[in-house]
**Q** 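Once you've had a glance at the structure underneath, I'll fire off some questions.
Letters go in sequence order (proteins before strands), and every chain restarts at 1.
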Amino acid sequence: METLSSTLQAISDPTRRAIIDRLTRGPARVTDVAAPFAMSLAAVSKHVRVLEKAGLVRRTRQGREHTLALEAAPLREVASWAARYEQYWTERLDRLEAYFANRRPPR
Amino acid sequence: MKLTNLEFTRQIPASPDEVFDAWIDPTCPGGPWFGPQAEGRTSKVILDAKVDGLFYHCVDTGAQRWVHYGRFTQLERGKLAEHTWVCEATKGRESVVTTRFEAKDGGTLVTLVHAGVPDDDEGRGQRAGWSWVLGALADTMARRGRG
């Protein structure tokens, strides 16, 4: 449960969610991750450290270059614990929508 | 026990009658009761879609079994489907799922309210996070498998 709490705390911030969202597309350099944000590199690095501490992000260093990669395992724990109803009904509504969208002939 | 309500809305490209019929038909691939949702899952459904009709719905993911029981309390074609919902996660409590179907923009606006769901203090206020996790990361999780 401790892991879960730190995961929930880590993803409660929109900037950190945006960082994770970026990393779902693959590993990236810290500077690239920071680029879209209207905040200093230091401020973004602080968010990255929270994510590292929660085990959501792994950092590798090659010389002066720091690369970040997503560690999705803690997020799976959140998904299976907290969101069973959200997941359950969202999946069903997705499928209902897909069923009728696919059934309707193209206009 | 603290309880909460969850609400979902979705625009569906079909008439309210069609959507309603799909929603309560366990043999319709678009309905909530139909077959395994994903590879590796199995399911079983017994359903009597009439007022006071009962249902049993079990989804087995391999890692866990989700078993749900309930009773249909209101059924109005093209308008409303309501049933009770009891499972492990409701801690034995009878929660209520109300699904409304309204004609909108040439299709149907489906509004689903799951009322009386046990809430967890720790989870309160984190719902935005959960929705995001489930939406944005579903693909990532699928790619990385179940481990």
**Q** Taking side chain as everything from C-beta outward and backbone as N, CA, C, O, which of these in B/V97 sits under 4.5 Å from a heavy atom of chain A? Side chain, backbone, both or neither.
**A** side chain
**Q** Do the charged groups of B/R100 and B/E76 touch, with an N to O distance under 4.0 Å?
**A** no
**Q** Using heavy-atom distances under 4.5 Å, tell me whether A/D94 contacts chain B through its side chain, its backbone, both, or neither.
**A** both
**Q** Using a distance-only test with no angle check, is there a side-chain donor-acceptor pair under 3.5 angstrom linking B/T27 and B/D25?
**A** yes
**Q** If you count heavy-atom pairs under 4.5 Å between each of B/T9, B/L112, B/V110 and chain A, which one has the most?
**A** B/L112
**Q** Please answer: with hydrophobic residues joined when any side-chain heavy atoms are less than 4.5 Å apart, are B/I46 and B/Y69 in the same cluster?
**A** yes
**Q** Test of understanding: with salt bridge (Lys or Arg N to Asp or Glu O under 4.0 Å), list the residues that count as partners of A/R49, not counting sequence neighbours.
**A** none
